[in-house]
J.: 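Once you've had a glance at the structure underneath, I'll fire off some questions.
Numbering of residues begins at 1 and proceeds along the displayed sequence. Small disclaimer: the values here were computed from a predicted structure and weren't measured. Because only heavy atoms are used, hydrogens play no part in the values below, and waters and symmetry mates are left out as well, while side chains stay in.
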Amino acid sequence: METIYTFISKKSLTAVLSLVFLLGVNNKTQAAIAFQETAISFNQYKGKVIDSKTRKSLGFATLTLENTNISTVTNTEGHFALKIPKNISEGNIIISFLGYKSKRIALSSLKPTKNKISLTTSVTKLAGVDVTIPKDAAALVRESLKRKNENYFTSPTFMTAFYRETIKKRRRNVSLSEAVVNIQKASYSSIRKDVLQLYKARKSTDYSRLDTLALKLQGGPFNTLFVDIMKYPEYIFSQEAISNYIFTYDRSTKINDRLIYVIKFKPYEGIEDQLYKGELFIAAESKVLTRATYALHITNKEKASKLFVRKKPSNARVYPRNIKYRVDYREKNGKWYYGYSSVYLEFKINWDKKLFNSIYSLTAEMAITDWEQNTAKNDIKRKERLKSSIILSDEAIGFSDPDFWGEYNIIEPEKSIESAIRKIKKQLRKSNNGNGKSTP
């Protein structure tokens with residue numbers, strides 16, 4: 001069995017990412033995890049968020065129960081599933097999405113399924129009329145980073161989050177891993193790192209679609225957690241690296257009825273390091289970073305490959321084709337905190353003496369679904385802490401129980417993922433029955 005290990009340069013955000021490619025796979029079916037759930041103590045509401053005019057789905061919209069920390073995020077197709085404790089029968093749900101007017105609807109008006117919520121675009125007048133264009137976009141970014149102690153949580157918090165990893169070979173899902181994790185989130189004014197604890201996890205992998213190659217993402221939920229630019233600016237905008245970028249004002253938009261400046265950034269020409277390019281969404285009044293979307297600016301595929309690949313078979317060449325990141329922040333009582341992030345990694349693998357190449361992609365996303373201030377300063381026990389080298393697909397096994405997550409909010413799976421789960425479960429049942437085993 002040959003193995004391709006990868007390592008990441010510690011000079012950039014990718015310092016927290018690592019991939020493991022395993023050649024030769026054990027196709028042994030693993031048993032499913034089963035958890036004893038307590039009596040259902042929540043009400044679930046499912047539906048879709050769309051544009052009021054175009055009827056287009058709005059992916060990554062946020063739904064929050066007003067005056068609580070309970071929230072969820074729509075998937076890329078706009079679908080959501082929101083679980084509310086049964087002891088809460090009244091209240092409002094706030095639906096927000098970048099560039100749209102936030103909407104407040106009564107919890108009592110929601111049905112268990114097939115809710116359709118439409119949002120209208122928030123019109124911003126042209127710059128020069130009532131919007132002052134930032135004269136120095138770079139200075140605005142530096143000020144945003146400098147003001148994190150006054151704009152973001154300065155007290156430690158405990159967060160509950162849902163995390164999902166998806167691995168595809170071209171467009172076909174081959175591996176799915178999900179987890180509920182607890183996060184001991186350090187203050188944004190502190191240099192302490194965040195601590196994670198695995199609460200529940202499950203996976204399903206169809207190795208028959210991987211041929212002789214299996215991908216594993218090392219780092220699990222740490223990959224998404226460290227995309228929090230305001231907590232970990234050293235991975236992209238360290239004091240040394242920020243001077244390597246050109247920042248320009250692009251446009252204005254609105255989020256939650258706040259005026260937002262959109263700042264584009266890219267590295268200066270001629271810089272040999274593989275840096276980033278993207279957009280920063282900064283509130284005009286408070287200078288708070290509300291969202292960031294960016295990608296690895298690949299100018300040299302050999303150097304970009306060295307950010308990831310440490311060891312590989314001599315007949316394989318592995319190149320990153322598309323590396324993208326996203327982080328969204330949420331606001332509570334005038335303070336902001338990490339709410340959602342995602343990482344997309346796409347690799348091309350060329351094999352010597354083979355006509356066709358292989359394209360693999362990995363998507364990791366995490367959404368905060370609840371949180372509370374850690375006033376007692378209780379720490380997650382050291383033996384229960386996740387290691388940053390964790391490979392979630394090795395820790396989690398089996399899709400079996402439809403009520404696996406109980407009262408925990410999750411991101412609704414996309415149709416393609418649901419289809420893959422059904423096919424994989426069917427294959428696992430066949431495999432189990434063929435071995436004379438009963439299906440879990």
Side-chain angles (χ1 to χ4, degrees), residues 13 16 60 62-73 94 96 98 102 140-163 180-197 199 221-238 255-258 260 280-293 325-343 365-380 385-386 388 408-409 411:
L13 171 67
V16 300
F60 309 113
T62 301
L63 294 91
T64 304
L65 178 61
E66 193 174 25
N67 298 321
T68 75
N69 304 322
I70 300 171
S71 61
T72 191
V73 178
I94 308 298
S96 59
L98 181 67
S102 296
L140 177 61
V141 174
R142 291 177 185 272
E143 184 177 0
S144 178
L145 293 169
K146 186 177 180 180
R147 294 175 64 171
K148 71 174 183 177
N149 290 351
E150 59 185 271
N151 284 330
Y152 297 83
F153 281 1
T154 54
S155 58
T157 56
F158 266 126
M159 295 179 165
T160 301
F162 171 75
Y163 174 77
V180 171
V181 296
N182 297 320
I183 304 173
Q184 182 182 315
K185 187 75 173 168
S187 163
Y188 278 85
S189 60
S190 169
I191 61 173
R192 292 185 63 181
K193 300 289 185 181
D194 299 328
V195 175
L196 278 76
Q197 176 188 40
Y199 179 64
F222 285 97
N223 295 304
T224 47
L225 187 61
F226 288 162
V227 179
D228 181 354
I229 291 178
M230 298 309 298
K231 177 61 180 173
Y232 303 100
E234 64 270 22
Y235 291 132
I236 180 170
F237 292 138
S238 65
I255 182 171
N256 294 341
D257 300 320
R258 290 183 176 89
I260 303 294
L280 305 173
F281 298 78
I282 300 176
E285 184 176 354
S286 61
K287 308 300 186 294
V288 63
L289 178 68
T290 63
R291 171 180 295 178
T293 59
Y325 307 90
R326 174 194 179 107
V327 59
D328 289 357
Y329 296 93
R330 299 174 187 161
E331 185 265 344
K332 178 78 171 182
N333 298 330
K335 292 287 187 177
W336 293 73
Y337 64 97
Y338 164 77
Y340 172 85
S341 64
S342 65
V343 178
E365 61 179 336
M366 185 160 69
I368 302 303
T369 59
D370 201 358
W371 62 268
E372 62 181 1
Q373 288 191 345
N374 185 13
T375 53
K377 296 184 179 180
N378 294 320
D379 291 341
I380 296 175
R385 297 180 181 182
L386 281 181
S388 59
Y408 292 93
N409 277 299
I411 304 172

J.: With a 4.5 Å limit on heavy-atom distance, are the side chains of Tyr325 and Tyr235 in contact?
T.: no

J.: Does Lys332 reach the main-chain N or O of Thr68 with its side chain, forming a donor-acceptor pair under 3.5 Å?
T.: yes

J.: Could you pull out all residues at least two apart from Phe60 that satisfy ring pair (Phe, Tyr, Trp, His ring centres under 6.0 Å)?
T.: Tyr340

J.: How long is the straight-line distance from OG1 of Thr62 back to CG of Leu98, given to the nearest 0.5 Å?
T.: 10.5 Å

J.: If I take atom CD1 from residue Ile282 and atom CG from residue Leu140, how far apart are they, to the nearest 0.5 angstrom?
T.: 4.0 Å

J.: Closer than 3.5 angstrom, by distance alone: can the side chain of Lys335 be matched with the main-chain N or O of Glu150 as a donor-acceptor pair?
T.: yes

J.: Tell me the closest heavy-atom pair linking Asn149 and Thr154, and the distance in Å.
T.: O-CG2, 2.9 Å

J.: Which residues pass the side chain to side chain donor-acceptor pair (under 3.5 Å) test with Thr157, not counting sequence neighbours?
T.: none

J.: Among residues at least two apart in sequence or on other chains, which ones pass ring pair (Phe, Tyr, Trp, His ring centres under 6.0 Å) with Tyr329?
T.: Tyr152

J.: Of all residues at least two apart in sequence or in a different chain, which pass the side chain to side chain donor-acceptor pair (under 3.5 Å) check with Ser341?
T.: Tyr338

J.: Under the criterion side-chain contact (heavy atoms from CB on, under 4.5 Å), which of Leu145, Val141, Leu280 is the partner of Leu289?
T.: Leu280

J.: Side-chain donor-acceptor pair under 3.5 Å between Gln184 and Asp379, yes or no?
T.: yes

J.: Measuring from atom CG of Asn409 to atom OG1 of Thr369, what distance do you get when rounded to the nearest 0.5 angstrom?
T.: 5.5 Å

J.: Minimum heavy-atom separation for Ala161 and Met366, please, with both atom names.
T.: CB-CG, 3.7 Å

J.: Short question: side chain of Asn374, backbone of Pro156 - any donor-acceptor pair under 3.5 Å?
T.: no

J.: Measuring from Thr224:OG1 to Phe226:CZ, what's the distance to the nearest 0.5 Å?
T.: 9.5 Å

J.: Determine yes or no for a side-chain-to-main-chain donor-acceptor pair under 3.5 angstrom, with Asn151 supplying the side chain and Ser286 the backbone.
T.: yes

J.: Keeping the roles fixed (side chain from Arg385, backbone from Ile380), state whether a donor-acceptor pair exists under 3.5 Å.
T.: yes

J.: Please identify each residue that fulfils side chain to side chain donor-acceptor pair (under 3.5 Å) with Asn182, with sequence neighbours left out.
T.: Gln197

J.: Could you check if a side-chain atom of Met159 sits within less than 4.5 angstrom of a side-chain atom of Leu225, using non-hydrogen atoms only?
T.: no

J.: Under the 3.5 angstrom rule, does the side chain of Thr290 hit a backbone N or O of Phe281 as a donor-acceptor pair?
T.: yes

J.: Which atoms form the tightest heavy-atom contact between Ile411 and Val73, and what is the distance?
T.: CG2-O, 4.0 Å

J.: For Arg291, give me all partners under salt bridge (charged side-chain N to carboxylate O under 4.0 Å, His left out), at least two apart in sequence or on another chain.
T.: Asp328

J.: What closest approach, in Å, do Ala284 and Lys287 show between heavy atoms, and which atom pair accounts for it?
T.: O-NZ, 2.8 Å

J.: In terms of side-chain heavy atoms, does Tyr232 have a donor or acceptor partner in Asp194 at a distance below 3.5 Å?
T.: yes

J.: With a 4.5 Å limit on heavy-atom distance, are the side chains of Met230 and Trp336 in contact?
T.: no

J.: Nearest 0.5 Å, please: how far is OH in Tyr163 from CZ in Phe222?
T.: 10.5 Å

J.: Whether the side chain of Arg330 engages the backbone of Ile368 through a donor-acceptor N/O pair (distance < 3.5 Å, no angle test) should be reported.
T.: yes

J.: Determine the minimum heavy-atom distance between Lys231 and Glu234, stating which atoms define it.
T.: O-OE1, 4.3 Å

J.: If you compare all heavy atoms of Asn223 against all heavy atoms of Val343, which two are closest, and at what distance to 0.1 Å?
T.: O-CG2, 3.7 Å

